[in-house]
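Have a look at the structure below, then the notes.
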Amino acid sequence: MPRLSEVIAALEDLWPAERAESWDAVGTVVGDPDQQVTRVLFAVDPVQEIVDEAVKLGADLLVTHHPLFLRGTTTVAASTFKGRVVHTLIKNDIALHVAHTNADTADPGVSDALAGALDLRVVRPLVPDPTDPAGRRGLGRVCELDHPLTVRELADRAAARLPATAQGIRVAGDPEAVVRTVAVSGGAGDSLFDAVRAAGADAFLTADLRHHPASEAVAHSGLALLDAAHWATEWPWCELAAAQLDEISDRHGWDLRVHVSSTVTDPWTAHAASSTTDDSLGAPN
């Protein structure tokens, strides 16, 4: 059985901490480097529900995409929800490791997993990492479809292939427009509109699109927008990352048992559709 320090070294090779954004908080949050690791759980969010799942599973290591502490804190008292997460982890000898923006830009990374979930062929990064001479790392991906789809058909595919959430898939633009090239970016993506337009994409699939940037993007060109739940666009990475660790475990003879949480930690829990048809959208008279 490997020690935590050995497993973390392997994870750092996949997602080096130095490739994270300067504002990010990645790496090992909790854990004894000398503890042994036999079971690992991957999840998007380090929330209490996921930590309780790790306890029930008997995991020694929890790997999440989102940081537990993105900003500074002065307390980890169990009376706070993040403090309770820390207490639960330590009491049950569970380590926590975070790979966030360093996993976003990795090769393969979060957007590769998102593209794979939708059967899109990755062509290149949307925003290439200038430190990568091979031109494979970077934020987002520019992809091609195996055959053209309408925006509506692409949205239906995304709704069917990504984990179900209360939000589903929102669409901006002409639902009947034809799509051949798709830009994707896991997580919040409305800071990338300039890069999406420069890439010549017909559609952009991402999350957390705000009113004004989305409105301006649609008005600027014929770009179609597909807005999925943040959690849903990043969950496919958990499966990719687990498969990567499985391969490393096999290569080293570690015999790790690697799991992916299917618990939905998207904060939105219900959706009430407007009582209108597509032909009568609008404010009440």
Mind checking whether [X] and [Y] have side chains closer than 4.5 Å, heavy atoms only?
{"X": "Pro125", "Y": "Leu139", "result": "no"}
{"X": "Leu225", "Y": "Phe193", "result": "yes"}
{"X": "Thr105", "Y": "Trp15", "result": "no"}
{"X": "Leu41", "Y": "Glu53", "result": "yes"}
{"X": "Arg180", "Y": "Pro148", "result": "yes"}
{"X": "Leu256", "Y": "Val37", "result": "yes"}
{"X": "Ile248", "Y": "Trp254", "result": "yes"}
{"X": "Leu96", "Y": "Leu68", "result": "yes"}

Working for side chain to side chain contact (heavy atoms under 4.5 Å, CB included), residues Ser111 and Trp237: CA-CA 8 Å; Ser111 292; Trp237 171 80; over 6 Å; no
Residue pair Arg137 / Thr131, side-chain donor-acceptor N/O under 3.5 Å: yes
Pair His66 + His230: ring centers closer than 6.0 Å: yes
Return yes if some donor-acceptor pair links the side-chain N/O of [X] with the main-chain N/O of [Y] below 3.5 Å, else return no.
{"X": "His65", "Y": "Ala99", "result": "yes"}
{"X": "Glu234", "Y": "Trp231", "result": "no"}
{"X": "Trp23", "Y": "Leu70", "result": "no"}
{"X": "Asp129", "Y": "Gly135", "result": "no"}
{"X": "Asn92", "Y": "Thr88", "result": "yes"}
{"X": "Arg84", "Y": "Gln48", "result": "no"}
{"X": "Glu144", "Y": "Leu120", "result": "no"}
{"X": "Thr165", "Y": "Ala229", "result": "no"}
{"X": "Gln35", "Y": "Asp32", "result": "yes"}

Arg152 and Glu176 ion-paired at < 4.0 Å: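 Salt bridge present between Arg152 and Glu176.
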NZ/NE/NH1/NH2 to OD/OE distance under 4.0 Å, Asp34 and Arg3: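 Looking at Asp34 and Arg3, the cut-off is met.
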Criterion side chain to side chain contact (heavy atoms under 4.5 Å, CB included) against Val142, the qualifying member of Val196, Thr181, Val184: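 Of Val196, Thr181, Val184, side chain to side chain contact (heavy atoms under 4.5 Å, CB included) with Val142 is met by Thr181 alone.
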Sole candidate of Leu154, Val179, Val151 that passes side chain to side chain contact (heavy atoms under 4.5 Å, CB included) when paired with Asp202: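 It is Val179, the one option of Leu154, Val179, Val151 that forms the side chain to side chain contact (heavy atoms under 4.5 Å, CB included) with Asp202.
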Once rounded to the nearest 0.5 Å, what's the spacing between atom [atom1] of [X] and atom [atom2] of [Y]?
{"X": "Arg210", "Y": "Asp227", "atom1": "CZ", "atom2": "CG", "answer": "11.5 Å"}
{"X": "Leu205", "Y": "Leu162", "atom1": "CG", "atom2": "CG", "answer": "6.5 Å"}
{"X": "Arg124", "Y": "Arg141", "atom1": "CZ", "atom2": "CZ", "answer": "11.5 Å"}
{"X": "Gln36", "Y": "Leu4", "atom1": "CD", "atom2": "CG", "answer": "11.0 Å"}
{"X": "Glu6", "Y": "Met1", "atom1": "CD", "atom2": "CE", "answer": "11.5 Å"}
{"X": "Trp235", "Y": "Ser261", "atom1": "CH2", "atom2": "OG", "answer": "9.0 Å"}

Test side chain to side chain contact (heavy atoms under 4.5 Å, CB included) applied to Thr265 and Ile50, step by step: CA-CA 8 Å; Thr265 55; Ile50 295 297; 3.7 Å; yes
Please check if the number of heavy atoms outside [X] that lie under 6.0 Å from its [atom1] is greater than 12.
{"X": "His220", "atom1": "NE2", "answer": "no"}
{"X": "Arg251", "atom1": "CZ", "answer": "yes"}
{"X": "Arg161", "atom1": "CZ", "answer": "yes"}
{"X": "Asp146", "atom1": "CG", "answer": "yes"}
{"X": "Arg136", "atom1": "CZ", "answer": "no"}

Same cluster or not: are [X] and [Y] linked, directly or through other Ile, Leu, Val, Met, Phe, Trp or Tyr residues, by side-chain heavy atoms under 4.5 angstrom apart?
{"X": "Leu62", "Y": "Val85", "answer": "yes"}
{"X": "Leu192", "Y": "Leu209", "answer": "yes"}
{"X": "Phe42", "Y": "Ile8", "answer": "yes"}
{"X": "Leu114", "Y": "Val127", "answer": "no"}
{"X": "Leu240", "Y": "Val258", "answer": "yes"}

Step-by-step side chain to side chain contact (heavy atoms under 4.5 Å, CB included) determination, Asp45 to Thr64: CA-CA 6 Å; Asp45 296 302; Thr64 65; over 6 Å; no
